[in-house]
Amino acid sequence: MLDFLPLTATTATPQHPRLTWDIFCQVIDNFGDVGVCWRTAAELVERGQSVRLWMDDASALQWMAPPPHPQGLSVHGWPTARAQLPDVLGNVVIEAFGCEIPPVMKQAIAQSPSKLPVWINLEYLSAEDYVERCHRLPSRIMSGPAAGLTRWFFYPGFTPATGSVVREQNLGARQQDFAARRGQWRAAHGIQDHDCAVSLFCYEPAALPQLLDQLGSVSALSPQLLVTPGRAAAAVQALPQAEPLKPRYLQPCPQPQFDEMLWACDLNLVRGEDSLVRALWAGQPMVWHIYPQHDNAHHDKLDAFLDWLNAPHSLRAFHHAWNGMTSPQTLPLLTPEMLREWQACVQAARESLATQSDLIAQIQAFSAEKR
Ligand SMILES: Cc1cn([C@H]2C[C@H](O)[C@@H](COP(=O)(O)OP(=O)(O)O[C@H]3O[C@@H](C)[C@H](O)[C@@H](O)[C@H]3O)O2)c(=O)[nH]c1=O
């Protein structure tokens with residue numbers, strides 16, 4: 001039997017007493033499902049909540065969030081039998097990214113003799129219009145063991161009418177602390193003050209050869225390429241254009257160190273969902289390699305983000321080429337002036353996001369309202 005002892009709270013408040021949250025996460029691919037769920041869970045715990053994270057594949061946590069885990073956060077396998085669940089259910093159930101909670105959990109909710117947990121479907125992050133429309137909507141379960149019960153849709157987003165994004169309470173303090181160590185970090189990675197450090201976390205963009213070509217030839221930037229492990233490293237290693245750049249290949253690292261890498265670099269090429277948010281908080285020039293969908297639905301999603309970002313022409317053009325929406329050959333040539341313009345744009349977006357109540361505060365308030 002698993003250990004479901006109550007866990008110690010750190011900073012529960014009278015407004016938000018300590019609740020128990022069950023977060024369900026099924027890994028579709030890559031690291032974003034794990035990454036988003038972990039950040040959400042860890043920050044809930046930081047705010048005095050108890051969280052059980054139920055995952056069908058927790059292997060990426062070995063490097064992304066190595067044990068020991070924070071007190072109040074426990075990780076469990078995907079439950080298939082009632083005995084794997086606690087006798088008394090928690091207060092809030094989150095199914096992340098539309099993953100269906102397991103049938104055994106549905107049954108347990110439906111048969112619970114005590115107050116039912118608030119059931120939330122935490123959706124994907126998007127800047128598209130539907131997010132404001134669908135955020136906080138109920139959906140009645142029509143069939144199966146939980147028929148008749150309600151679950152609530154919670155949409156992360158970029159505007160005050162959405163669920164926003166995770167911003168840790170200590171993010172500012174961590175960034176300030178790192179600012180004093182930034183030079184040291186760069187020196188340890190062979191980066192001089194005047195160099196342009198470029199982090200690369202992407203899938204396999206068709207414009208990658210063009211980027212490597214131009215980084216190898218645009219001396220004004222003095223580029224130093226830091227390549228993240230996995231698909232980005234494999235994509236770079238397969239290209240002869242990489243050779244003259246002598247890229248540094250990084251090891252998988254825990255999320256806090258991944259954040260520091262973004263803070264240390266002068267241009268961040270990120271992907272998926274979680275690293276996009278982290279690049280925004282980093283406030284450095286950034287380019288997003290959006291998760292590709294078969295029907296090209298990601299094109300509208302990318303444009304909605306660029307509109308929200310108020311992206312200047314060159315940043316838009318770069319995104320379109322990087323994401324295969326125009327010919328790879330149209331990748332704009334990076335210049336110091338261009339990067340300064342991109343940085344101003346990202347920092348303005350960061351300011352606007354920072355004025356919003358963050359996702360954790362909002363999901364706590366939402367759960368309190370629906371209990
Ligand atoms: C390379 C690296 C990543 N990470 C973390 C940062 C993020 O939390 C996580 C990467 O997640 P993402 O940025 O979201 O990119 P991603 O592309 O890995 O993830 C996803 O994108 C979603 C949109 C899809 O729906 C998912 O199915 C998934 O593909 O990995 C580290 O902590 N250390 C590392 O060294």
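Predicted model, so just to flag it, every value in this text is computed and none were measured. Whatever order the structure lists them in is the order used to number ligands and atoms, beginning at 1.
- Residues that satisfy the side-chain contact (heavy atoms from CB on, under 4.5 Å) test with Ser112, not counting sequence neighbours, are Leu89, Ser114, Leu116.
- Two residues are said to be in side-chain contact when any heavy atoms from C-beta on lie closer than 4.5 Å; Ile101 and Lys106 meet this criterion.
- Listed by chain and number, residues touching ligand 1 at under 4.0 Å (heavy atoms only) are Asp29, Asn30, Phe31, Gly32, Asp33, Gly35, Trp63, Met64, Tyr124, Phe201, Tyr203, Thr228, Pro252, Cys253, Pro254, Gln255, Phe258, Arg271, Gly272, Glu273, Asp274, Ser275, Tyr291.
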Name every donor-acceptor pair, under 3.5 Å, that has one atom in a side chain of residues 148-160 and the other anywhere in the protein, sequence neighbours excluded.
from, atom 1, to, atom 2, distance (Å)
Arg151, NH1, Glu95, OE2, 2.6
Thr159, OG1, Glu132, OE2, 2.6

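- To the nearest 0.5 Å, the span separating CG on Leu44 from CD1 on Ile360 amounts to 4.5 Å.
- Annotation for Met142: hydrophobic cluster partners, listed by chain and number, are none (ILVMFWY side-chain heavy atoms under 4.5 Å, direct or chained).
- By the neighbour-count criterion of 12 heavy atoms within 6.0 Å, atom CD of Glu369 is densely surrounded, having more than that number from other residues, nucleotides or ligands.
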